[in-house]
There are 2 protein chains.
Amino acid sequence: MTSAPETKLLQTAQRLFCSEGIHATGVARIIREAGVARKTLYDKYGSKENLLRAVFRAEADMWFRWFDQDLPGTGADARGRILYLFDLLQHWFESGSFFGCVFINAVAEHEKEGGWVRGIALDHRRRINERLLSLVVEAGVEDADLATEKLSLVIDGAIVTAMVTANPSVAAIGRATAADIIDHALLGRAH
Amino acid sequence: MTSAPETKLLQTAQRLFCSEGIHATGVARIIREAGVARKTLYDKYGSKENLLRAVFRAEADMWFRWFDQDLPGTGADARGRILYLFDLLQHWFESGSFFGCVFINAVAEHEKEGGWVRGIALDHRRRINERLLSLVVEAGVEDADLATEKLSLVIDGAIVTAMVTANPSVAAIGRATAADIIDHALLGRAH
DNA sequence: GGTCAAGGAGACCGATCGGTCTACAAAAAT
DNA sequence: ATTTTTGTAGACCGATCGGTCTCCTTGACC
């Protein structure tokens with residue numbers, strides 16, 4: 001059974017927006033590679049912009065699956081789950097369909113002052129950092145807010161570096177850096 | 001005295017490519033805001049793509065000024081110079097003309113497989129990491145290659161986070177993370 | 001003062017953009 | 001079996017894209 005046109009469009013757009021860029025991807029190519037009529041795209045999504053919003057939602061869902069299902073499923077302690085997040089990142093980088101984070105990429109190629117895209121990316125970032133923070137707090141870190149900001153920065157750095165270098169193993173660099181951050185913060189507590 | 005058309009074009013392109021995106025910036029807007037004739041752009045640069053290459057060169061020059069002039073000018077030791085790099089980053093973020101790294105942004109909005117843009121960004125990255133590595137070695141870090149990769153990742157993370165959040169103080173987060181990395185590595189040596 | 005290159009203003013080109021619309025086939029619902 | 005929905009194929013629209021070209025002005029140089 002072949003997926004519904006709506007799903008096919010979403011998956012094709014997700015792939016093309018990330019691998020080729022959003023502006024560089026015309027609707028003609030999306031519908032051709034999705035094997036779908038032009039009218040169907042506009043019946044389902046109304047505009048290219050709304051299709052992009054759907055891609056945003058899809059990638060956000062991936063992150064929430066990580067936090068709400070995969071991480072708890074490990075049974076590890078908070079520190080272990082934070083580090084396991086980087087294993088999930090590596091898995092993403094290795095998937096063959098990784099060409100950067102669609103939020104970051106979208107901000108990069110849209111107007112940064114007054115545009116709607118940056119607002120959506122900020123929302124996403126805020127929600128991710130909430131989840132991160134609760135892990136950091138559970139790990140018993142001293143200055144949890146600072147450690148969370150550090151980890152968030154490392155995650156973004158790993159994503160961008162993986163996009164530029166096309167080398168999935170940068171996730172391990174991120175993981176080691178995260179360990180430095182956490183262990184330094186835990187040391188500060190003991191002392 | 002007003003700058004030469006060539007300079008005006010380069011500065012305008014640098015600003016617009018970063019703040020609005022490369023594909024989203026038409027040559028009509030570049031020449032309008034540069035106050036220059038369309039023909040002049042094509043006399044000087046030949047194409048929009050070549051203008052982008054010139055913008056790449058300009059941003060690379062900024063980094064090399066940092067490494068070859070600003071950092072040695074501090075007179076600090078290697079660890080201090082590495083940390084001072086994040087003060088330079090903060091200065092960049094605060095400049096009002098910061099809208100992300102043009103290399104990263106360009107990769108984000110161009111084809112990632114087989115395109116020429118990613119190659120240029122990789123070259124830039126490699127040259128920056130060379131400079132970083134020599135600082136890390138001078139700092140006396142144990143596994144200098146690993147520490148360099150970590151620092152490079154943190155730099156990219158700071159740049160991207162500053163672009164998305166428009167908050168220059170993330171440079172301080174990056175600086176603190178860099179300190180975690182270096183101190184952890186120096187600790188490993190002592191032990 | 002005459003010459004000539006540099007640059008501005010803007011018409012113009014083919015291609016492509018996002019988006020709309022019509023015509024028709026397949027399938028689902030009744 | 002008939003109606004209604006869903007989707008495809010593709011013509012078509014105005015706008016904009018990057019790039020070329022002509023015409024004209026300006027200012028530096030001899």
Side-chain angles (χ1 to χ4, degrees), chain A residues 1-57 102 105-111 114-117 120, chain B residues 1-57 102 105-111 114-117 120:
Chain A
M1 155 214 162
T2 174
S3 359
E6 202 165 348
T7 309
K8 211 81 175 80
L9 278 169
L10 183 64
Q11 292 171 342
T12 307
Q14 189 160 21
R15 176 172 52 87
L16 289 177
F17 283 167
C18 278
S19 72
E20 312 278 325
I22 298 163
H23 283 117
T25 301
V27 299
R29 182 160 181 197
I30 298 176
I31 62 175
R32 188 189 343 127
E33 301 201 10
V36 147
R38 200 178 187 81
K39 184 172 166 297
T40 304
L41 188 155
Y42 286 95
D43 283 346
K44 298 298 180 186
Y45 292 99
S47 68
K48 184 186 175 184
E49 179 176 313
N50 279 341
L51 182 54
L52 174 59
R53 290 181 197 270
V55 171
F56 283 150
R57 253 175 276 126
V102 70
N105 292 6
V107 171
E109 65 169 304
H110 284 81
E111 49 175 5
W116 59 277
V117 171
I120 290 200
Chain B
M1 152 215 166
T2 172
S3 359
E6 202 165 347
T7 309
K8 210 78 175 85
L9 277 168
L10 183 63
Q11 292 171 343
T12 307
Q14 188 159 22
R15 175 174 52 88
L16 288 177
F17 283 167
C18 279
S19 73
E20 311 278 326
I22 299 163
H23 283 117
T25 301
V27 298
R29 181 156 181 202
I30 299 176
I31 61 175
R32 191 192 337 130
E33 302 200 9
V36 148
R38 200 178 187 80
K39 184 174 165 298
T40 305
L41 188 155
Y42 286 95
D43 282 347
K44 298 298 181 188
Y45 292 99
S47 68
K48 184 186 176 183
E49 180 176 312
N50 280 341
L51 181 56
L52 174 60
R53 290 181 197 270
V55 172
F56 283 150
R57 253 176 274 124
V102 70
N105 291 7
V107 171
E109 64 169 305
H110 284 80
E111 47 173 7
W116 59 278
V117 172
I120 290 200

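Every chain is numbered from 1 and lettered A, B, ... according to where its sequence line falls, protein lines coming before strand lines.
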(message) Any non-hydrogen side-chain atom of A/I22 less than 4.5 Å from a side-chain atom of A/N105?
(response) no

(request) Could you identify which residues of residues 50-57 of chain B place a heavy atom less than 4.0 Å from some atom of DNA chain C, listed by residue number, or say none? (result) none

(message) Using a strict heavy-atom distance below 4.0 Å, which residues from residues 19-29 of chain A are in contact with DNA chain D?
(response) none

(request) Could you walk me through whether B/T40 and B/I31 pass the side-chain contact (heavy atoms from CB on, under 4.5 Å) test, one step at a time? (result) CA-CA 9 Å; B/T40 305; B/I31 61 175; over 6 Å; no

(message) In the structure I gave you, are the side-chain heavy atoms of B/I120 and B/R53 within less than 4.5 Å of one another anywhere?
(response) yes

(message) What is the distance, to the nearest angstrom, from the CD atom on A/E109 to the P atom on C/dC17?
(response) 14 Å

(request) Kindly say whether A/H23 contributes a backbone atom to a donor-acceptor pair with the side chain of A/E109 at under 3.5 angstrom? (result) yes

(message) As an exercise, state the distance from OG1 of B/T7 to NZ of B/K44, rounded to the nearest 0.5 Å.
(response) 9.5 Å

(request) Take nucleotides 6-13 of chain C nucleotide by nucleotide from the 5' end and write B, S or -, depending on whether a protein heavy atom sits under 4.0 Å from the base, only from the sugar-phosphate, or from neither. (result) -BBBBB--

(request) Please report, rounded to the nearest Å, how far the P atom of D/dC21 is from the OH atom of B/Y42. (result) 13 Å

(request) Measure the distance from CD1 on A/I31 to P on D/dT8 and round it to the nearest whole Å. (result) 10 Å

(request) Enter the distance from B/Q14:CD to B/I30:CD1 here, rounded to the nearest 0.5 Å. (result) 12.0 Å

(message) Between B/V27 and B/R38, is there a side-chain heavy-atom distance shorter than 4.5 Å?
(response) yes

(request) Report yes or no: does B/Y45 contribute a side-chain atom to a donor-acceptor pair with the main-chain N or O of B/L9 at less than 3.5 Å? (result) no

(request) Quickly work out the A/L9 CG to D/dT6 C1' distance and round it to whole Å. (result) 14 Å

(request) Measure from CD1 on B/I30 to P on D/dT16 and round the result to the nearest Å. (result) 17 Å

(request) Could you tell me the separation between the CZ atom of A/R32 and the P atom of C/dT16, rounded to a whole number of Å? (result) 11 Å

(request) Working to the nearest 0.5 Å, report the span between SG of B/C18 and CD of A/E111. (result) 14.5 Å

(message) Please report the distance, rounded to the nearest Å, between OH in A/Y45 and C1' in C/dG18.
(response) 17 Å

(message) Looking at B/E20 and B/R29, is any side-chain nitrogen of the basic one under 4.0 Å from a carboxylate oxygen of the acidic one?
(response) yes

(request) To the nearest 0.5 angstrom, please state how far the NE2 atom of A/H110 sits from the CH2 atom of A/W116. (result) 6.0 Å

